[in-house]
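See below for the structure under consideration.
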Amino acid sequence: MYGLQRGYSSPYWPASEPDAELREEAMQRYEAMHAMRVQYQTYVAEKQPVLAASKFDSWRTLVMPPFLHEMHGALLASHDKPWTFLSVMGKPLLGTDFDRDYWYPIRDGAEERNSGPRYARWARPAMPAVPEMEGEDIYRLRHWHKAKLDEPGDIPRVAVEARMGHELPGVEGVYSEVTVAMEERIGEYLQRVWEKEVVGAGLWTPPFPIPLPVDLLNADPPLFSGLPLLEYE
């Protein structure tokens, strides 16, 4: 989340993919789907922000259900920075206390917060607590995501594990392959989960961010951060 750049988010990718071979392949494969690319994390190394390879070199492409693609599109339209997710003050998330300022209010609930025009991003509506996540670390959302993918029972294991950034061991891992149909199945299923278990159930959902005013909009916002890549020895 800290390292997701505009150019790897589904409203721009794969047309924005820097690697020509991967771009051509992805443009064909995801012609009828929305997809984002997990390519980098961000860290602070020697007091400077840097890009770093995905955990355990787990570069991968994730099919995005329409509702999440639309949310990311609205979010990116609200600012002209290279990062998909910004702090409430419009800065990179890397310098924030994420648990204190974001995760705990999301998990435990928070009161409405108003502000003047100068600090408009600081404002937020009241948010209800999520009882099922009481006391849990944000990493549990990753576990929940896999559980939801396992729940219907008809999404192939290879597709679920590939989405999580895992490799299947043994012969199964050697001969299994994620097909386009499997990825389409995941996108369609997650969309139905959202429509039935969130929207249909009447759960609280946040308002969409306000688009950046036209007079402040950079017509060609930077797609990538330009940070140096951390090289491992």
Taking 4.0 angstrom as the limit, do [X] and [Y] come out as a salt bridge?
| X | Y | result |
| --- | --- | --- |
| Arg29 | Glu183 | yes |
| Arg192 | Glu195 | no |
| Asp150 | Lys146 | yes |

Just how far is it from atom [atom1] of [X] to atom [atom2] of [Y], taken to the nearest 0.5 Å?
| X | Y | atom1 | atom2 | answer |
| --- | --- | --- | --- | --- |
| Glu161 | Ile155 | CD | CD1 | 12.0 Å |
| Leu227 | Leu51 | CG | CG | 5.0 Å |
| His79 | Ile210 | NE2 | CD1 | 14.0 Å |
| Arg140 | His145 | CZ | NE2 | 14.5 Å |
| Arg6 | Leu75 | CZ | CG | 8.5 Å |
| Leu4 | Trp83 | CG | CH2 | 9.0 Å |

Quick one: does [X]'s side chain get under 4.5 Å of [Y]'s, heavy atoms only?
| X | Y | result |
| --- | --- | --- |
| Thr96 | Ser87 | yes |
| Pro11 | Leu76 | yes |
| Val88 | Asp101 | no |
| Trp13 | Tyr30 | yes |
| Leu62 | Arg163 | yes |
| Arg124 | Glu112 | no |
| Arg157 | Glu172 | yes |
| Pro221 | Lys81 | no |

Quick check: closest heavy atoms across [X] and [Y], and the distance to 0.1 Å?
| X | Y | answer |
| --- | --- | --- |
| Pro14 | Met27 | CG-SD, 3.7 Å |
| Ser58 | Gly165 | CB-O, 3.7 Å |
| Thr42 | Tyr2 | OG1-CB, 3.3 Å |
| Ser10 | His34 | CB-CB, 4.4 Å |
| Asp57 | Ala53 | OD1-CB, 3.7 Å |
| Gly187 | Val63 | CA-CG1, 4.1 Å |

Does [X] share a hydrophobic cluster with [Y], counting links as ILVMFWY side-chain heavy atoms below 4.5 Å and allowing steps through other members?
| X | Y | answer |
| --- | --- | --- |
| Val199 | Met71 | yes |
| Ile138 | Trp144 | no |
| Met36 | Met1 | yes |
| Leu93 | Met89 | yes |
| Tyr43 | Trp59 | no |

#### Entry: Other ILVMFWY residues reachable from Val158 by side-chain steps of under 4.5 Å
Leu168, Val178, Met182
### Query
Can Tyr8 and Phe224 be said to form a ring-ring contact (aromatic ring centres under 6.0 Å, His included), step by step?
CA-CA 8 Å; Tyr8 290 118; Phe224 304 103; 5.0 Å; yes
### Task
Kindly determine whether Ser78 and Leu212 satisfy side-chain contact (heavy atoms from CB on, under 4.5 Å), including the steps that lead there.
CA-CA 4 Å; Ser78 73; Leu212 196 66; 5.7 Å; no
Contacts table for residues 128-137: side-chain donor-acceptor under 3.5 angstrom, sequence neighbours left out:
unit_1: Asp137; atom_1: OD2; unit_2: Tyr139; atom_2: N; d: 2.8

### Query
Under 30°, 30 to 60°, or over 60°: which ring-plane class applies to His72 and Phe85, parallel, tilted or perpendicular?
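If you compare the ring of His72 with that of Phe85, the planes turn out perpendicular.
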### Query
Got a sec: does the CH2 of Trp204 have more than 12 other heavy atoms crowding it under 6.0 Å?
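Above 12, so yes.
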### Task
Go through the steps for Thr84 and Gln5 under the test side-chain contact (heavy atoms from CB on, under 4.5 Å), then give the verdict.
CA-CA 5 Å; Thr84 300; Gln5 299 171 82; 5.8 Å; no
### Message
Determine whether Gln191 and Tyr189 satisfy the following criterion, side-chain hydrogen bond (donor to acceptor under 3.5 Å, both in side chains), listing intermediate values before the conclusion.
### Response
CA-CA 5 Å; Gln191 181 69 20; Tyr189 167 68; over 6 Å; no
[X]: ring-ring contact (aromatic ring centres under 6.0 Å, His included) partners, not counting sequence neighbours:
| X | result |
| --- | --- |
| Tyr40 | none |
| Tyr102 | Phe98 |
| Tyr104 | none |

### Message
For a side-chain contact (heavy atoms from CB on, under 4.5 Å) check, start with the C-alpha distance between Thr61 and Val38, then their side-chain angles and the critical distance, and finish with the verdict.
### Response
CA-CA 6 Å; Thr61 298; Val38 177; over 6 Å; no
### Query
What residues form a side-chain hydrogen bond (donor to acceptor under 3.5 Å, both in side chains) with Ser176, not counting sequence neighbours?
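Checked Ser176 against side-chain hydrogen bond (donor to acceptor under 3.5 Å, both in side chains); zero matches.
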